[in-house]
K.L.:
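Please find one structure pasted underneath; my questions will follow.
Reckoned from all heavy atoms, side chains included, excluding hydrogens, waters and symmetry mates. Residue numbers run from 1 in the order of the sequence given.
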Amino acid sequence: MKNTQINDRLGALRTWMRARQISAFVFPSTDPHHGEYVPDHWKGREWISGFNGSAGTAVVTLHEAALWTDSRYFIAATQQLDGTEFVLMKERVAGTPTVAAWLAQVLGTEGPARVGVEGMVLSAAEADDLRRSLAAEGPFALVTDADPLEEIWTDRPAVPLHPVEVHPLCYAGETAGAKLERIRTRLGELHADGMLVCSLDDIAWTLNLRGSDVHCNPVFVAYLLIAPGRTVLFTDRRKVDGEVLRYLDGIGVELMDYEAVKAELACYDGEALLMDPAEVNEVLFRTAEEKAVAAASPVPGMKSVKNATEIEGFRQAMLRDGIAMVRFLHWLLPAVEAGGQTEMTVDRKLTALRAEQPLFKGLSFDTIAAYAEHGAIVHYEATPETDVPLKPEGLLLLDSGAQYLDGTTDITRTIALGPLTEEERQVYTTVLKAHIQLELLKFPSGASGTQLDAVARKELWREGLNYLHGTGHGVGAYLNVHEGPHQIRMEYKPAPMVEGLTVTDEPGVYVEGRFGVRIENTLLVTPYINNDFGTFLQFESLTLCPIDLRPVELGRLTDEEISWLNAYHQMVYERLAPHLDEDVRQWLRKNTLPVAK
């Protein structure tokens with residue numbers, strides 16, 4: 001069936017393109033702040049294509065349309081693009097052309113072609129990469145000074161105006177003044193006297209402010225200019241009340257209108273302004289290019305290393321989150337056996353249990369409650385159209401998390417709702433082995449996440465299994481659930497692993513059309529030993545929740561893996577039991593008893 005709404009939007013776009021002699025238009029997934037999750041105002045790629053995943057690029061020519069996304073969304077994108085002109089391009093799959101190569105195929109290379117993209121939502125680095133790749137394919141010109149959505153998206157949502165709030169020092173652990181001083185010291189080492197900060201979570205962390213402009217992420221739309229002798233926050237004044245104004249004045253931060261940032265950059269009175277080309281959008285980067293020091297922002301690395309207050313906040317947030325999770329798991333199986341439960345009802349139940357906990361501020365991402373074959377859709381989100389009843393059989397993959405004032409949580413458990421197939425048990429056990437092997441790892445300080453990644457995957461590779469998403473990502477301290485710069489993944493990520501980082505451990509296997517398995521804890525990087533060979537680190541589990549043992553083929557676990565599992569479950573019981581009612585505590589005791597081969 002044709003999707004007439006999407007096709008009508010394509011028609012309006014092409015009318016706009018013809019009037020401006022533009023042969024193709026590119027829609028990335030980002031906003032002016034290069035965020036992974038963006039306010040509705042900037043969801044242009046979703047609006048034009050109908051695909052709502054967090055990652056992807058839509059490209060439209062006068063006669064063709066295609067969408068690129070990664071393996072997390074192959075199944076979902078296939079379903080959402082059905083009935084539209086868009087052809088799915090599977091990233092990192094052999095035979096899939098790049099955007100530039102595809103444009104050369106469909107447009108030809110005989111004459112010049114103008115390719116448009118809104119320069120405010122494409123980073124300077126991405127714009128340069130696109131220019132180079134287009135130039136390698138033919139006589140293409142990149143146009144970055146026009147936004148068709150301003151004209152054709154007639155009911156476009158406004159830029160959000162939610163209030164900005166001060167994040168108390170008792171949770172932040174370091175004053176904004178101290179953070180700004182550390183940033184300025186680092187800028188001096190990079191031969192810069194100022195910096196433009198565009199990343200919303202970096203701004204929130206630096207100034208100890210929070211907001212709610214982005215779904216599930218406690219940030220607000222703004223820019224931050226750190227200049228010689230002054231610091232300027234650019235945001236809509238309507239979202240800043242008297243308390244926040246007094247706070248900003250107290251820390252020496254000026255407040256200016258959001259739209260004023262370009263003019264301020266044009267008259268920057270310093271000598272060398274650090275702008276991260278991977279973060280600063282194309283328009284703003286070119287505005288101050290003559291004074292630019294193009295270098296990686298120092299803020300993500302600072303933000304990722306948690307101070308003692310933040311670490312204690314994580315521990316307390318994980319404790320409350322674990323209480324909610326255990327109460328949920330105690331409820332789940334009897335509820336499924338009684339009937340009437342679906343993916344969406346268990347999502348609502350877990351959210352309600354979390355909301356009962358002190359300092360709860362909301363979810364850290366939309367819950368993935370994926371039953372049976374839906375578990376193979378890596379970033380599945382149940383809707384009224386896809387929601388299915390849960391039966392007392394098979395696997396439920398539950399990936400969820402919450403925002404608390406003192407920390408952010410992210411946990412996945414795959415739960416047996418009843419009898420399982422041999423394949424389900426085998427895959428579950430292999431994924432558990434992969435998870436434990438990473439938790440057991442000891443490694444030198446400074447190793448990159450890429451070097452650690454194979455430790456988890458080797459258990460899967462032995463079985464001819466793999467997953468195409470990362471093994472781990474950083475987690476913010478009452479900030480974004482996905483935080484860099486460090487990652488644990490196959491693709492090379494040079495950011496070093498150092499003491500104080502939080503990172504997830506979430507290997508998985510997804511059998512299309514049947515089931516999926518993922519097991520995830522959030523970990524803290526802690527000291528191991530320091531000797532003549534250097535400083536070595538290890539992982540500590542912050543997540544407090546039992547791992548379902550019913551699907552495990554215990555004979556396949558090594559003695560070391562069983563020892564880790566028993567020690568983890570003992571810790572979970574000891575930490576959570578004092579906070580649970582007797583019936584829930586008895587359930588937890590039963591589900592954390594030591595196991596053996």
Side-chain angles (χ1 to χ4, degrees), residues 51-56 68-81 88-94 96 343 346-347 365-383 386-388 390-391 393-401 410-417 420-438 453-454 456-473 482 487-491 504-521 547-548 551-553:
F51 168 64
N52 66 2
S54 65
W68 282 255
T69 192
D70 61 48
S71 63
R72 296 173 295 171
Y73 298 111
F74 288 167
I75 298 174
T78 298
Q79 296 169 351
Q80 293 176 2
L81 299 179
L88 176 60
M89 298 290 179
K90 297 181 177 181
E91 291 178 347
R92 296 193 292 274
V93 171
T96 299
E343 293 167 326
V346 298
D347 176 356
F365 56 96
D366 290 319
T367 298
I368 300 170
Y371 177 57
E373 64 268 21
H374 286 165
I377 305 173
V378 179
H379 274 204
Y380 172 78
E381 182 184 344
T383 66
T386 66
D387 191 26
V388 295
L390 304 186
K391 302 176 183 178
E393 62 184 32
L395 294 171
L396 172 67
L397 191 158
L398 189 65
D399 189 347
S400 64
D410 186 2
I411 173 177
T412 307
R413 290 295 183 263
T414 303
I415 306 151
L417 299 183
L420 302 178
T421 66
E422 183 178 346
E423 181 185 31
E424 287 169 332
R425 291 173 58 83
Q426 179 183 7
V427 167
Y428 185 99
T429 303
T430 305
V431 171
L432 177 59
K433 287 173 67 67
H435 176 94
I436 295 174
Q437 283 299 313
L438 186 59
D453 183 80
R457 292 182 191 267
K458 68 183 177 67
E459 298 299 326
L460 303 174
W461 291 344
R462 283 196 185 106
E463 307 295 327
L465 302 170
N466 199 16
Y467 52 97
L468 298 183
H469 60 73
T471 301
H473 58 81
H482 288 171
Q487 296 183 51
I488 301 176
R489 63 186 310 119
M490 286 196 298
E491 297 83 2
T504 62
D505 173 8
E506 50 182 307
V509 170
Y510 312 96
V511 184
E512 186 172 351
R514 299 207 288 282
F515 65 93
V517 176
R518 185 163 65 252
I519 299 171
E520 174 188 19
N521 280 358
I547 294 169
D548 194 350
V552 180
E553 297 173 335

K.L.:
Does some side-chain heavy atom of Leu398 sit less than 4.5 Å from a side-chain heavy atom of Ile368?
P.N.:
no
K.L.:
With sequence neighbours left out, write down each residue that passes side-chain contact (heavy atoms from CB on, under 4.5 Å) with Ala454, or none if nothing qualifies.
P.N.:
Trp461
K.L.:
Residues in side-chain contact (heavy atoms from CB on, under 4.5 Å) with Val511, at least two apart?
P.N.:
Glu423, Val509, Arg514, Phe515
K.L.:
Who pairs with Tyr371 by ring-ring contact (aromatic ring centres under 6.0 Å, His included), at least two apart in sequence or on another chain?
P.N.:
none
K.L.:
Between Gln79 and Ala76, is there a donor-acceptor pair closer than 3.5 Å when you use the side chain of the first and the backbone of the second?
P.N.:
no
K.L.:
Which residues pass the ring-ring contact (aromatic ring centres under 6.0 Å, His included) test with Tyr428, not counting sequence neighbours?
P.N.:
none
K.L.:
For Thr471, give me all partners under side chain to side chain donor-acceptor pair (under 3.5 Å), at least two apart in sequence or on another chain.
P.N.:
Asp453, Tyr467
K.L.:
How many angstroms lie between atom CD1 of Ile519 and atom CG of Leu432, to the nearest 0.5 angstrom?
P.N.:
4.5 Å
K.L.:
Sequence neighbours left out, what passes side-chain contact (heavy atoms from CB on, under 4.5 Å) with Glu463? Give chain and number order.
P.N.:
Gln426, Thr430, Leu465, Arg556
K.L.:
Taking atom CD as the centre, does Glu393 end up with more than 12 heavy-atom neighbours from other residues, nucleotides or ligands that are less than 6.0 angstrom away?
P.N.:
yes
K.L.:
Please name all residues satisfying side-chain contact (heavy atoms from CB on, under 4.5 Å) with Asp366, sequence neighbours left out, ordered by chain then number.
P.N.:
His215, Cys216, Glu381
K.L.:
Once you round to the nearest 0.5 Å, how far does CZ of Phe51 lie from CD of Gln80?
P.N.:
6.0 Å
K.L.:
Give the C-alpha distance, both sets of side-chain angles, the deciding distance and a yes or no for side chain to side chain donor-acceptor pair (under 3.5 Å) between His473 and Glu506.
P.N.:
CA-CA 9 Å; His473 58 81; Glu506 50 182 307; 3.1 Å; yes
K.L.:
For the residue pair Tyr510 and His469, is the inter-centroid distance of their aromatic rings smaller than 6.0 Å?
P.N.:
yes
K.L.:
Looking at Glu553, is its backbone amide N or carbonyl O close enough to the side chain of Thr429 to form a donor-acceptor pair, meaning the two atoms are under 3.5 Å apart?
P.N.:
yes
K.L.:
Arg425: which residues meet the side chain to side chain donor-acceptor pair (under 3.5 Å) condition with it, sequence neighbours left out?
P.N.:
none
K.L.:
Please check if any side-chain donor atom of Tyr380 sits under 3.5 Å from a side-chain acceptor atom of Glu343, or the reverse.
P.N.:
yes
K.L.:
Would you compute the distance between atom CD1 of Ile547 and atom CD1 of Ile415 and round it to the nearest 0.5 angstrom?
P.N.:
12.0 Å
K.L.:
Write out all pairs satisfying salt bridge (Lys or Arg N to Asp or Glu O under 4.0 Å) with one or both partners inside residues 72-81, taking only residues at least two apart or from two chains.
P.N.:
Asp70-Arg72
K.L.:
Quick one: side chain to side chain donor-acceptor pair (under 3.5 Å) partners of Glu491, sequence neighbours excluded?
P.N.:
Arg92, Arg489
K.L.:
In Å and rounded to the nearest 0.5 Å, what is the OG1 to CG distance from Thr414 to Leu395?
P.N.:
6.5 Å
K.L.:
For Thr412, give me all partners under side chain to side chain donor-acceptor pair (under 3.5 Å), at least two apart in sequence or on another chain.
P.N.:
Asp399, Glu520
